[in-house]
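Just below is one structure, and these are the notes that go with it.
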Amino acid sequence: MNWIRGKTISRGSSAVVSVATSQKNGDLFAVKSAELYRAEFLKREERILSTLDCPQIIKYIGSDTTNESGELMYNLFMEYVSGGTLTEAIQEQKGKLE
């Protein structure tokens with residue numbers, strides 16, 4: 001998939017999540033990226049997400065490996081859902097979700 005990385009929307013201890021745009025059709029999606037040598041957890045997440053089909057779970061789209069500034073990166077593509085993280089939603093609702 002040809003895509004363009006956009007702004008970073010989240011940064012964890014071992015991965016960065018960015019908004020991305022498909023060059024083919026302009027669709028937005030999320031890309032979670034980590035250095036290839038540290039990407040085992042992303043590969044495990046991909047194996048799990050690729051087997052799920054539930055409207056309450058972020059949809060898996062695909063993955064690839066890129067060379068960014070001389071660093072090999074593993075990229076996991078997922079549905080983009082605006083509105084922040086689940087943790088932020090729980091905090092905003094004072095610990096409760098509908």
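Taking Ile, Leu, Val, Met, Phe, Trp and Tyr as members and joining any whose side-chain heavy atoms lie under 4.5 Å apart, directly or through other members, Ile4 forms no hydrophobic cluster with any other residue. Side-chain contacts under 4.5 Å among hydrophobic residues (ILVMFWY), followed directly or transitively, place Val19 together with Ile9, Val17, Leu28, Tyr80.
Under a hydrophobic clustering in which Ile, Leu, Val, Met, Phe, Trp and Tyr are joined whenever their side-chain heavy atoms come within less than 4.5 Å, directly or via other members, Leu72 and Val16 fall into different clusters.
For the residue pair Met1 and Ile61, the shortest heavy atom distance occurs at CE-CG2, 3.8 Å.
The stretch residues 41-50 participates, sequence neighbours left out, in these side-chain hydrogen bond (donor to acceptor under 3.5 Å, both in side chains) pairs: Lys32-Glu45, Glu46-Tyr60, Glu46-Ser63, Glu46-Tyr74. Applying the salt bridge (charged side-chain N to carboxylate O under 4.0 Å, His left out) rule to pairs touching residues 16-26 yields nothing, sequence neighbours excluded. Residue pairs meeting the ring-ring contact (aromatic ring centres under 6.0 Å, His included) criterion with at least one partner in residues 13-43, sequence neighbours excluded, are Phe29-Phe77.
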Discussion item. One pair to check against side chain to side chain contact (heavy atoms under 4.5 Å, CB included): Ile58 and Val81. What are the steps and the verdict?
Written reply: CA-CA 8 Å; Ile58 297 291; Val81 180; 3.3 Å; yes

Discussion item. Under the criterion side chain to side chain contact (heavy atoms under 4.5 Å, CB included), I'd like the reasoning laid out for Met73 against Glu35: C-alpha separation, chi angles, the key distance, then a yes or no.
Written reply: CA-CA 4 Å; Met73 303 294 290; Glu35 292 89 355; 4.2 Å; yes

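Asn67 CG: more than 12 foreign heavy atoms inside a 6.0 Å radius.
The CG atom of Asp53 sits 8.5 Å away from atom NZ of Lys59, with the distance rounded to the nearest 0.5 Å. Distance check: Ile57 CD1 to Leu52 CG gives 4.5 Å after rounding to the nearest 0.5 Å.
Not counting sequence neighbours, the partners of Asn25 by the side-chain hydrogen bond (donor to acceptor under 3.5 Å, both in side chains) test are Ser22, Asp27. Here Arg5 pairs with Trp3, Ser18, Val31, Ser33, Glu68, Asn75 under the side-chain contact (heavy atoms from CB on, under 4.5 Å) rule; sequence neighbours left out. Every residue was checked against the salt bridge (charged side-chain N to carboxylate O under 4.0 Å, His left out) condition with Glu79, not counting sequence neighbours, and none meets it.
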